[in-house]
Amino acid sequence: MEPCTFILFGATGDLAKRKIYPALYNLFVRGMLPRNFSVVGLGRREWTADVYQAAVERSLYQFSRRKPDDAEQLNRFLQFFAYRVLDIGREEDYRSLLALVEARERTLALPQNRLYYLSVGPEYFETIADRIRSSGLGAADGWKRLVIEKPFGRDLHSARALNRRLAESFAEEEIFRIDHYLGKPVVQRLESLQQANPIIQALWTNRYIANVQITASETVGVEERAGYYDHVGALRDMFQNHLLQLLMMTAIRLPYDSSSEKVRFQKKQVMEALEPVHQENVGVHLVRAQYAEGSVGGQPVVGYASEPGIPPASANETFVAARLRIDNGDWRGIPFYIRTGKRMKKKSTRIVVEFREPLKQARPEDEYGALPNLLVIEIGPEESISLRLNTKEPGTPETFKPIRIDLHLTPPTSPEAYENLIGDALRGDAAFFAHWDEVELSWQWVQPVLDAFANDRVPLRSYAAGTYGPAESDALLAEDGYRWWFDDDEPPSSQSESTEGDHYARHAHP
Ligand SMILES: NC(=O)C1=CN([C@@H]2O[C@H](COP(=O)(O)OP(=O)(O)OC[C@H]3O[C@@H](n4cnc5c(N)ncnc54)[C@H](OP(=O)(O)O)[C@@H]3O)[C@@H](O)[C@H]2O)C=CC1
Ligand SMILES: O=C1O[C@H](COP(=O)(O)O)[C@@H](O)[C@H](O)[C@H]1O
């Protein structure tokens with residue numbers, strides 16, 4: 001990896017301490033940072049280098065998956081870190097930053113490779129990019145990269161405007177848009193799951209697959225983020241970015257030698273083939289809802305509108321479920337169901353691929369007794385990939401029972417998303433970052449939904465906290481003869497605290 005300087009805007013903030021310092025430390029311990037490396041942390045707080053290094057050290061003990069246990073090693077790591085007070089709006093602060101970066105490059109014999117990480121609110125992205133250019137920071141002799149956190153715009157128009165501004169200072173290949181779901185270890189293995197397994201590759205088409213279900217359910221509510229979340233909602237917070245990225249990663253068909261360009265090209269093709277939804281039809285394919293009071297993990301919790309900081313009349317959605325279709329040769333006719341919500345029964349991010357049941361068509365339902373084959377990809381908090389098949393024990397009556405074959409288990413020490421992504425950005429590998437084309441196409445798909453919400457064309461449903469969402473979300477699949485698959489090891493009685501029983505009921509497939 002090439003020596004470089006990591007310039008961190010927002011070095012005193014929450015994301016830096018929770019994710020960025022632990023990620024850098026774990027990369028360092030694994031020998032995956034360049035030997036010559038410099039971090040320049042920036043914030044408004046009047047910190048010295050010592051105060052900054054102490055804050056970095058604290059964050060490692062608090063948040064790193066690997067706690068420091070070697071004082072000499074820790075000390076070498078902390079020596080990378082320098083701090084400078086900088087106000088994002090103040091031009092002269094960038095000149096002083098440039099002087100510091102250049103001085104360290106000289107002292108540490110670093111080439112002028114500079115990575116700018118914007119761990120600050122999105123309202124600052126454009127100013128920072130402009131100032132990097134106007135101050136001369138961006139005119140270095142080596143490479144420059146801009147790592148940018150979400151959210152990337154709040155609708156199609158603002159995302160395009162932001163991209164135009166960034167493009168004045170950075171080329172597309174220099175912009176690394178973080179979507180932390182793309183850094184999750186299981187998501188990073190999706191391509192090899194296809195590539196290394198011809199059996200899966202052969203099945204990855206509408207000929208064998210009945211539907212695909214992508215779920216990101218959370219047990220938490222709005223937590224301390226009421227001000228942010230009430231203006232964003234589940235559609236912008238999770239669906240437009242993380243969940244559409246998971247859809248792309250599931251739907252791509254990769255050649256054997258998949259370079260980052262090929263991965264991104266295929267993802268773009270998937271988004272281009274996504275059937276658009278029109279404002280007047282949004283309610284047919286999409287359910288929006290807000291959580292009411294209920295109980296999560298046995299604890300009573302208030303409804304969204306009673307959360308601190310949320311206006312009681314808020315019509316913000318905390319849950320979205322949608323049916324999408326990809327109009328290409330592989331996926332034509334196959335529904336992709338996506339849902340995400342806060343205050344649901346279980347924290348779980350998973351992709352379930354349900355296979356067709358040819359046997360079922362040949363035999364009456366009661367005699368058949370088998371459940372569909374499922375490929376279950378657990379992304380978090382558990383990580384696993386398993387295949388559910390049916391079997392019959394010898395000598396038993398004609399009933400089937402499911403068996404589960406584990407295809408992959410991630411060791412408990414697998415790197416966290418930010419570690420993967422920061423390592424990739426330092427190496428210049430953009431495969432697991434969102435390209436502008438993908439972001440623009442995602443907003444293009446989402447925009448009519450935003451308009452339909454704003455014009456009140458989609459009723460806001462309600463679901464009790466601690467459940468799997470409103471009944472309308474189940475009805476969306478039932479219309480097509482399907483049902484959501486939850487944890488296939490769970491007995492039916494634990495599926496939902498409010499609507500027990502029918503989740504595991506059999507249904508007729510088309
Ligand atoms: N926290 C998280 O888990 C996640 C955060 N994000 C995104 O990451 C970004 C940062 O979030 P987070 O760390 O939580 O935010 P915080 O509010 O905790 O931190 C904001 C940082 O920005 C700095 N800052 C704010 N205004 C200025 C200014 N005018 N000049 C210079 N520095 C300034 C602050 O410095 P100081 O306090 O010294 O003024 C602080 O370091 C946001 O875009 C957020 O959406 C994305 C995913 C998860
Ligand atoms: O980006 C976000 O993601 C988290 C969920 O992330 P996960 O890795 O825990 O699945 C979500 O809670 C948050 O609202 C959103 O901004």
Side-chain angles (χ1 to χ4, degrees), residues 7-23 40-47 51-52 55-56 59 63 83-94 96-97 116-128 131 147-154 162 177-187 214-246 316-320 340-344 346-351 378-383 416-418 420-421 434:
I7 300 160
L8 179 59
F9 291 82
T12 55
D14 184 67
L15 181 70
K17 77 174 177 206
R18 273 177 201 283
K19 300 289 181 191
I20 299 174
Y21 303 135
V40 177
L42 306 165
R44 283 173 303 188
R45 285 170 229 190
E46 299 278 343
W47 284 4
V51 172
Y52 181 43
V56 172
S59 80
F63 298 111
Y83 182 79
R84 179 57 47 104
V85 176
L86 175 139
D87 190 313
I88 290 167
R90 228 178 13 226
E91 190 119 32
E92 60 269 30
D93 287 359
Y94 292 79
S96 125
L97 170 62
Y116 302 93
Y117 196 121
L118 309 197
S119 179
V120 293
E123 65 278 20
Y124 295 122
F125 294 168
E126 290 157 328
T127 309
I128 295 174
R131 296 272 149 89
V147 178
I148 190 164
E149 276 293 339
K150 67 168 251 202
F152 199 91
R154 57 173 284 109
L162 170 59
R177 296 176 195 81
I178 289 230
D179 185 306
H180 80 274
Y181 271 48
L182 290 177
K184 291 188 184 253
V186 176
V187 177
I214 302 176
T215 297
S217 61
E218 297 190 82
T219 51
V220 294
V222 285
E223 299 177 288
E224 265 76 69
R225 302 163 75 213
Y228 158 80
Y229 194 81
D230 200 51
H231 290 101
V232 172
L235 188 71
R236 289 186 175 98
D237 187 45
M238 295 289 290
F239 185 98
Q240 178 273 330
N241 38 66
H242 305 321
L243 293 176
L244 286 181
Q245 283 292 340
L246 291 186
N316 187 34
E317 82 285 355
T318 61
F319 175 97
V320 171
T340 182
K342 299 267 185 207
R343 282 282 190 242
M344 293 177 69
K346 193 173 171 185
K347 169 78 181 162
S348 170
T349 305
R350 60 192 341 233
I351 300 169
E378 293 280 357
I379 293 165
E382 309 306 328
E383 296 178 357
E416 284 176 357
Y418 272 83
N420 286 328
L421 294 174

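Counting starts at 1 for both ligands and their atoms, following the listed order. We use all heavy atoms of the structure for the numbers below, so side chains are in, but hydrogens, waters and symmetry mates are not.
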For ligand 1, which atoms, with element, lie under 4.0 Å from some heavy atom of [X]?
X     : value
Asp87 : 29 (N), 30 (N)
Thr12 : 34 (C), 35 (O), 36 (P), 37 (O), 38 (O), 40 (C), 41 (O)
Leu86 : 30 (N), 31 (C)
Gly43 : 38 (O)

**OP:** Out of Glu416, Lys150, Glu218, indicate the one that has the non-hydrogen atom closest to atom 4 (C) of ligand 2.
**Re:**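 Considering heavy atoms of Glu416, Lys150, Glu218, the nearest to atom 4 (C) of ligand 2 sits in Glu218.
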**OP:** Give the single entry among Lys184, Lys342, His242, Lys347 that approaches atom 8 (O) of ligand 2 most closely by any heavy atom.
**Re:**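 That would be Lys184.
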Original post:
Do protein heavy atoms approach atom 17 (O) of ligand 1 to less than 4.0 Å?
Top reply: no
Subject >> Geometric N/O contact Asp14 with ligand 1, under 3.5 angstrom >> reply: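 Yes; the residue has a nitrogen or oxygen that sits under 3.5 Å from a nitrogen or oxygen of the ligand.
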Original post:
Mind checking whether Tyr229 has an N or O less than 3.5 Å away from an N or O of ligand 2?
Top reply: no
Subject >> Proximal ligand 2 atoms for Asp237, defined as those under 4.0 Å from one of its heavy atoms >> reply: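 Numbered from 1, ligand 2 contributes 13 (C), 14 (O), 15 (C), 16 (O).
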Subject >> Numbered atoms of ligand 2 (with element) below 4.0 Å of Met238, judged on heavy atoms >> reply: 2 (C), 3 (O), 11 (C), 15 (C)
Subject >> Any Tyr228 heavy atom less than 4.0 Å to ligand 1 >> reply: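 No, that is not the case, since the closest heavy atom of the residue is not under 4.0 Å from the ligand.
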